[in-house]
Amino acid sequence: MQNIENILQFHISLAFKTLFAIEIESNQLKLTPTRKEFEGSHTFTCFQFAKQTGKAPDALGNVIGNYLKQNCSEISGFNVVKGFLNIVLTDQYFIHFLKSQAQKATFDFAPNGQKVMVEYSSPNTNKPLHLGHLRNNFLGFSMANILKSTGYEVVKANLINDRGIHICKSMLAYQKFGNNETPQTANLKGDKLVGKYYVEFDKQSKVAKSKLIENGVSEEDAEKQNPLLIEAQEMLLKWEKGDTEVVNLWKKMNSWVYDGFETTYKTIGVAFDKYYYESNTYLLGKEIVEEGIAKGVFYKKEDSSVWIDLTAEGLDHKLVLRSDGTSVYITQDMGTADLKYNEFGCNRSVYVVGNEQDYHFNVLFHILKKLNRPYANGLFHLSYGMVDLPSGKMKSREGTVVDADDLVQEMIDEAQKQTTELGKIDGFKPDEAQKLYYTLGLGALKYFLIKVDPKKRMLFNPAESIDFHGNTGPFIQYTHARVCAIMRKANELKIDYKNTQHIDLQATEREIIALLLECEKVVKQASDEYSPALIANYVYEIAKTYNSFYAAVSIFQEQNQEIVKFRVLLSETVAKYIKYCLNMLGIDAPERM
RNA sequence: GAUCCCAUAGCUCAGCUGGAUAGAGCAACGGUUUUCUAAACCGUAGGUCUAUGGUUCGAAUCCAUAUGGGAUCACCA
């Protein structure tokens with residue numbers, strides 16, 4: 001069945017052609033949802049066509065409205081208010097649409113033959129995951145689901161930053177102060193144990209630094225002369241040379257961290273198809289530098305450092321290789337981009353990375369375009385804002401981070417508290433109840449982090465637990481569970497709702513179906529614009545409108561059996577849409593709560 | 001110094017590819033349950049859309065400038 005918006009646009013375009021001999025492309029005719037206070041579901045704005053048709057907006061609306069009413073069987077009527085043509089669809093069309101949706105096994109788009117990689121999470125192995133990582137993980141996982149739903153073949157990748165000076169800091173502190181403790185002996189998750197030594201390094205190096213300053217060394221020199229930092233740098237050199245002792249320690253501590261991360265990933269419900277490790281990729285990209293010089297994209301300075309001039313793009317001159325021939329970050333990112341493409345051949349590639357790296361990715365993408373990489377035009381940086389606390393930015397060294405595992409547990413506990421208070425788990429087995437707390441706690445957390453436009457920074461107040469009422473995950477989950485209760489009763493009563501006949505609809509019923517008509521467009525937009533938030537806000541709209549309907553009418557008390565059937569069908573379809581949308585966000589839709 | 005992002009109700013956010021009287025949730029106040037799940041629903045109140053100018057039939061939305069907040073740019077990662 002063809003999309004109603006296209007049908008309307010087609011007929012409006014035809015109206016312009018027939019009535020005014022004006023050719024307007026269908027997709028130039030913008031339709032907006034009709035405001036609630038007017039009758040209709042789609043609105044066509046006439047102002048912009050007043051001049052070329054020589055008619056006042058109101059008159060134009062009437063002429064087109066009449067044409068549509070006579071020529072388009074999906075339209076039952078129209079009204080014109082101050083130049084806005086509000087189009088009223090027939091109830092038959094709404095019901096027909098509902099029935100067609102009820103038959104669908106899935107709302108996924110047909111495969112489009114394109115392949116996309118979504119790189120997200122990408123943690124450092126020197127400290128545990130925190131709230132900021134959760135935003136990244138939920139956005140990335142959700143984005144992968146949305147792309148998959150719109151027809152892409154998706155590869156979820158995690159590029160783990162497992163080497164570098166920050167890792168050596170944890171290693172050094174462990175070596176000095178760790179007494180060979182292990183996650184088992186310390187009874188700590190592996191990532192937490194390693195993180196503990198990262199903090200310890202910072203603490204000890206501050207002590208060492210202030211001692212130097214006491215002895216008359218300047219602030220700046222004390223930083224450079226700090227013996228702990230020097231040792232860490234030496235350790236990094238040893239690692240690069242493959243020193244057995246250092247490498248073994250590195251392997252041991254990283255394996256602890258990976259165990260810890262896997263536990264967290266499993267809990268928060270994210271997964272990856274491919275892991276990349278910087279220890280394997282940090283040397284990549286040098287041959288691309290050579291290639292770039294040969295192509296004249298890069299230039300070499302006298303000190304043999306290599307640069308790119310991006311002033312024409314409004315950026316700067318940017319270093320791509322140091323004078324000593326060693327890589328910088330962007331060198332390996334070029335190499336990794338090639339590696340990914342050679343391995344998976346994705347024509348699109350999404351990097352879910354915080355907005356502090358906006359400039360970096362801007363440069364990287366410009367470089368890859370200049371190097372004529374076949375995948376260059378499909379690159380996208382899904383940049384997201386920081387999660388701030390009321391006190392400001394989270395800082396791991398200052399202990400002001402909200403730990404991911406702790407927060408998840410708090411959410412589950414809060415779900416348990418609220419569920420128990422409401423007395424909603426009668427008849428639940430203990431493990432079912434536990435699963436529900438988990439589903440609701442995670443649902444609240446994920447929705448909270450996803451509903452905000454990714455590019456905006458957002459505020460999290462630890463003093464106020466994340467809400468379970470209003471515009472929240474549990475509200476939407478609740479609506480789903482409500483419908484499931486309806487369906488259980490409908491099945492009990494053996495209502496043959498799939499076979500619903502044509503009836504007259506209520507305004508609120510039309511409103512719901514009009515929303516469902518929007519779904520495809522919203523999902524497409526979320527996919528094209530890389531914004532899971534659009535789906536979050538959309539599914540909330542559905543839940544809210546359905547709850548309004550639910551309170552306004554009675555389904556099973558209704559005398560007319562055809563109306564009962566219709567309402568059950570409407571309810572079932574709403575539940576399917578809610579579940580579909582929530583699942584794209586990585587949120588489960590419970591059947592009871 | 002340069003560049004980028006952000007600013008909407010007391011709070012948290014939608015709306016931003018120009019359209020009708022700027023919307024939700026939370027918090028506040030009032031109401032709704034012998035009926036399908038009240039984590040809900042209905043209502044009241046709450047706004048100089050940071051400011052000024054411009055573009056036009058029409059600006060929260062586009063442009064310019066200013067203010068405030070954040071981030072980035074170094075042979076750092």
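Computed over heavy atoms, backbone and side chain alike; hydrogens, waters and symmetry mates excluded. Lettering follows sequence order; numbering is per chain, from 1.
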* Asked: Starting at the 5' end of RNA chain B, which residue's closest nucleotide do you reach first, R592(A) or C46(A)?
  ->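 This one resolves to C46(A).
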* V452(A) or A415(A): which one's nearest nucleotide on RNA chain B is closer to the 5' end? -> V452(A)
Residue pair [X] / [Y], side-chain donor-acceptor N/O under 3.5 Å:
{"X": "Y546(A)", "Y": "S571(A)", "answer": "yes"}
{"X": "T43(A)", "Y": "T34(A)", "answer": "yes"}
{"X": "D467(A)", "Y": "T472(A)", "answer": "no"}
{"X": "E518(A)", "Y": "Y538(A)", "answer": "no"}

Report yes if a side-chain nitrogen or oxygen of [X] is closer than 4.0 Å to either non-bridging phosphate oxygen (OP1 or OP2) of [N]; otherwise report no.
{"X": "R457(A)", "N": "G69(B)", "answer": "no"}
{"X": "K82(A)", "N": "C57(B)", "answer": "no"}
{"X": "R482(A)", "N": "A39(B)", "answer": "no"}
{"X": "K456(A)", "N": "A14(B)", "answer": "yes"}
{"X": "H469(A)", "N": "C26(B)", "answer": "no"}
{"X": "K424(A)", "N": "U37(B)", "answer": "no"}
{"X": "K318(A)", "N": "A74(B)", "answer": "yes"}

* Asked: Are the ring centres of F44(A) and F78(A) closer than 6.0 Å?
  -> no
* To do: Would you please indicate if the ring centroids of W250(A) and Y277(A) are separated by under 6.0 Å?
  =>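 They do not qualify: ring centres at least 6.0 Å apart.
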Candidates [options] - which lies nearest the side chain of [X]:
{"X": "K51(A)", "options": "C13(B), C57(B), U37(B)", "result": "C57(B)"}
{"X": "E356(A)", "options": "C73(B), U72(B), A24(B)", "result": "U72(B)"}
{"X": "R35(A)", "options": "A39(B), G23(B), A14(B)", "result": "G23(B)"}
{"X": "I555(A)", "options": "C41(B), C36(B), G19(B)", "result": "C36(B)"}
{"X": "Y550(A)", "options": "C36(B), C6(B), C41(B)", "result": "C36(B)"}
{"X": "I486(A)", "options": "U12(B), C5(B), C36(B)", "result": "C36(B)"}
{"X": "L459(A)", "options": "A20(B), U12(B), A24(B)", "result": "U12(B)"}

NA contact type, [X], heavy-atom cut-off 4.0 Å: base, sugar-phosphate, or nothing?
{"X": "Y540(A)", "result": "sugar-phosphate"}
{"X": "F556(A)", "result": "base"}
{"X": "F47(A)", "result": "base"}
{"X": "E591(A)", "result": "base"}
{"X": "S548(A)", "result": "sugar-phosphate"}
{"X": "M386(A)", "result": "nothing"}
{"X": "S571(A)", "result": "nothing"}
{"X": "L422(A)", "result": "base"}

Rounded interatomic separation in angstrom, taking [atom1] from [X] and [atom2] from [N]:
{"X": "K169(A)", "N": "A77(B)", "atom1": "NZ", "atom2": "P", "value": "12 Å"}
{"X": "L315(A)", "N": "A2(B)", "atom1": "CG", "atom2": "P", "value": "16 Å"}
{"X": "N547(A)", "N": "C36(B)", "atom1": "CG", "atom2": "C1'", "value": "13 Å"}
{"X": "K393(A)", "N": "A71(B)", "atom1": "NZ", "atom2": "C1'", "value": "8 Å"}

* Between Y384(A) and R135(A), is there a cation-pi geometry (under 6.0 Å to ring centre, at most 45° from the normal)? -> no
Taking the six-membered ring for Trp, does [X] stack with [N] (centroid gap under 5.5 Å, planes within less than 30°)?
{"X": "Y478(A)", "N": "A39(B)", "result": "no"}
{"X": "F84(A)", "N": "A20(B)", "result": "yes"}
{"X": "F38(A)", "N": "A20(B)", "result": "yes"}

* Pair assignment for U32(B), Watson-Crick or G-U wobble, requiring both distances under 3.5 Å ->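 Paired with U32(B), as far as the under-3.5 Å criterion goes, is A40(B).
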